[in-house]
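Structure record follows, encoded as structure tokens.
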Amino acid sequence: MKLKTLAAASTAWLAALALLTASGFTLSATYMTREVTCLFNIVREVRSITQLEVHLLAHERESARVALTHLPEHVGARDAARRELSRWLEDPREPPVTAESAGVFEEAEREIEHYLATHPRAQEDREAEADAGASHEEVDRTFAALERLLATRLAEARIARQRVDEVHRLSEIVSLGAAGLLLAGVLLALWQLRRCVYRPLLSIRAAIDRYGAGSHDARAPQGGLDELREIAVAFNEMAAALAEQRKRQLGILASVAHDLRNPLAALKLTVDGLRPDRPLPHEERLRSMLARIGKEAARCDRMLTDLMDIARLEGGELELRRETRDARELARDVVELYRPTATAHELGLSLPEEPVPLRCDPIRIEQVLNNLVANAIKYSPAGGAVQVTVARAGAEVSIAVSDRGVGIAADDQRRLFERYFRAPSSSGVAPGVGLGLWAALRIAEAHGGRIEVTSAEGRGSTFTLRLPSTSGGAAA
Ligand code: ADP
């Protein structure tokens, strides 16, 4: 799983939860507001009904007093009660909830209107007195209708209250559920973070620590998020590459030690012949021994210089000290260097008549030619001809080294100049580390040239160094 996917899934989950909770709360709040408004209206209406009852009683009482006393203050009080009755009757009401309560509502209204109609304000007090008996019945009926309305409204209020309680309970359940889901979501996200991010990170960190502490086989487990897996894979690849490089470096050291052992053994053997407790050999023999010592010392020196060169090339520092030299001389020197030791091989040299001027660092170019000739000898274990040919072709100087040795398979030829590459067909033939050609190509390229290979497995190879020629006359 990718980090982006995990983050998107967690955000979507929390957003959906928040949306759900918010809609639940909004719905329950809307519903509760409606019910509370309804309750408020019913309370107001209950007040209206009680006011109607109070004013109905007041009207009755004052009507009776007017009939008895005919006093104007009772007439005024009765009219005031009547006005109040009309006012409270017109007070806005909550529409009835059920058909039954609607019936009760209409009946109460009818009764009051009837009461008011049968007690007109302008009515003469005498008539009122005469109708007093009938009026009591109407009052009772009206009162009873108002009481029924009151009871109905109170019942409705109780129902509304119950509904509010239910919604409240429901919103409690919803909020508890949302909190539970939120907690579960957070726990799930934390668990995922621990499983896919924290633990893999700790493992990578532990692997890096172990590697830093010297355990070169430490590798990071490749788990968790894709990005962390990629980091672990990159770390493991880097550790494997470093291990491989270390192995090669140890191989180089072993190979160098092995290669140094031969000239050193020869040196030791020669020096042993000059023991201080013995007389010195004849001059001729002494000279030959000293010459051998010089040659072996030069061999050691060359090997160490090559090694240092490779170290420098690896570090990217290649400083050329250019001078103009005749390519024929360079080729001749190299052939002459190998001629005395390569007794099983016929070293041939083919040079043009005319000088072949070359602007180059002669030590480096000799290093390249040394490598090509040494390889030609090394990889022709059965001996045979090794031919060095110098030629001028247009704007180029070519120095070709051919042998009739083991050759190189076509597939391996492409990789010959890679660092540490050794062709399987020839690597068993002679010791080596696979750095000579790599260094040779770097040097050729630094001179603006290249190295070409043609080879046939079992029949031999030709390595051709091509460098830009120096126009003009003879070598300096
Ligand atoms: P080394 O000889 O130390 O292995 P080089 O870089 O000089 O390293 O050569 C790389 C590889 O190229 C050798 O290991 C060998 O397999 C192959 N090679 C080079 N020169 C020849 C040759 N003349 N004939 C056959 N194989 C060769």
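When a residue number appears, it is its place in the shown sequence, counting from 1. Numbering of ligands and ligand atoms starts at 1, following listing order.
Listed by number with element, the atoms of ligand 1 under 4.0 angstrom from any heavy atom of Gly432 are 1 (P), 3 (O), 4 (O). Atoms of ligand 1 lying under 4.0 Å from any heavy atom of Ala423, numbered from 1 in the order shown and given with element: 16 (O). Counting the atoms of ligand 1 from 1 in the order shown, those under 4.0 Å from a heavy atom of Lys378 are 1 (P), 2 (O), 3 (O). Listed by number with element, the atoms of ligand 1 under 4.0 Å from a non-hydrogen atom of Leu435 are 6 (O), 8 (O).
Only the side chain of Ile408 comes within contact range of ligand 1, with a heavy atom under 4.0 Å; no backbone atom does. The proximity of Asn371 to ligand 1, defined as any non-hydrogen pair under 4.0 Å, is limited to the side chain. Counting heavy atoms under 4.0 Å from ligand 1, residue Ser461 touches it through the side chain alone. The proximity of Phe421 to ligand 1, defined as any non-hydrogen pair under 4.0 Å, is limited to the backbone. Of the heavy atoms in Leu372, none comes closer than 4.0 Å to ligand 1.
Ligand 1 has a nitrogen or oxygen under 3.5 angstrom from a nitrogen or oxygen of Ser426. Taking only nitrogen or oxygen atoms, main chain and side chain alike, Gly436 reaches within less than 3.5 Å of ligand 1. Between Leu437 and ligand 1, a contact under 3.5 Å exists for at least one N or O pair. Residue Leu416 has no N or O atom closer than 3.5 Å to an N or O atom of ligand 1.
Looking only at protein heavy atoms, the nearest one to atom 3 (O) of ligand 1 is Val433 N, 3.0 Å. Protein heavy atom in closest approach to atom 2 (O) of ligand 1: Tyr379 OH, 2.7 Å. For atom 7 (O) of ligand 1, the nearest non-hydrogen atom of the protein is Asn375 ND2, 2.8 Å. Protein heavy atom nearest atom 4 (O) of ligand 1, with residue, atom name and distance: Arg422 NE, 2.7 Å. Protein heavy atom at the shortest distance from atom 23 (N) of ligand 1 is Asp403 OD2, 2.9 Å.
Comment: Asp165 does not engage Arg169 in a salt bridge, judged by the lack of any side-chain N to carboxylate O separation of less than 4.0 angstrom. For Arg229 and Asp226, the salt-bridge test passes: some basic side-chain N is under 4.0 Å from an acidic carboxylate O. Using a 4.0 Å cut-off between charged nitrogen and carboxylate oxygen, Arg339 and Glu336 count as a salt-bridge pair. Residues Glu396 and Arg450 are paired through a salt bridge, judged by an N-O separation under 4.0 Å between the basic side chain and the carboxylate. Here Glu283 pairs with Arg287 in a salt bridge; the nearest charged N to carboxylate O distance falls below 4.0 Å.
Checked by atom type and distance alone, the side chain of Glu366 never pairs as donor or acceptor with a backbone atom of Val334 at under 3.5 Å. Listed for the Arg328 side chain is a donor-acceptor partner under 3.5 Å among the backbone atoms of Glu353. No donor-acceptor pair closer than 3.5 Å links the side chain of Ser426 to the backbone N or O of Arg422. Distance alone, capped at 3.5 Å, is enough to place a donor-acceptor pair between the Ser455 side chain and the Ile408 backbone.
Remark: of the listed residues Leu351, Leu372, Ile399, Leu369, Ile399 is the sole one forming a side chain to side chain contact (heavy atoms under 4.5 Å, CB included) with Val388.
The shortest separation from a heavy atom of Gly434 to ligand 1 is under 4.0 Å, placing the residue in contact.
Within 6.0 Å of the CZ atom in Arg404, the count of heavy atoms belonging to other residues, nucleotides or ligands does not exceed 12.
With sequence neighbours left out, His168 forms a ring pair (Phe, Tyr, Trp, His ring centres under 6.0 Å) with no residue at all.
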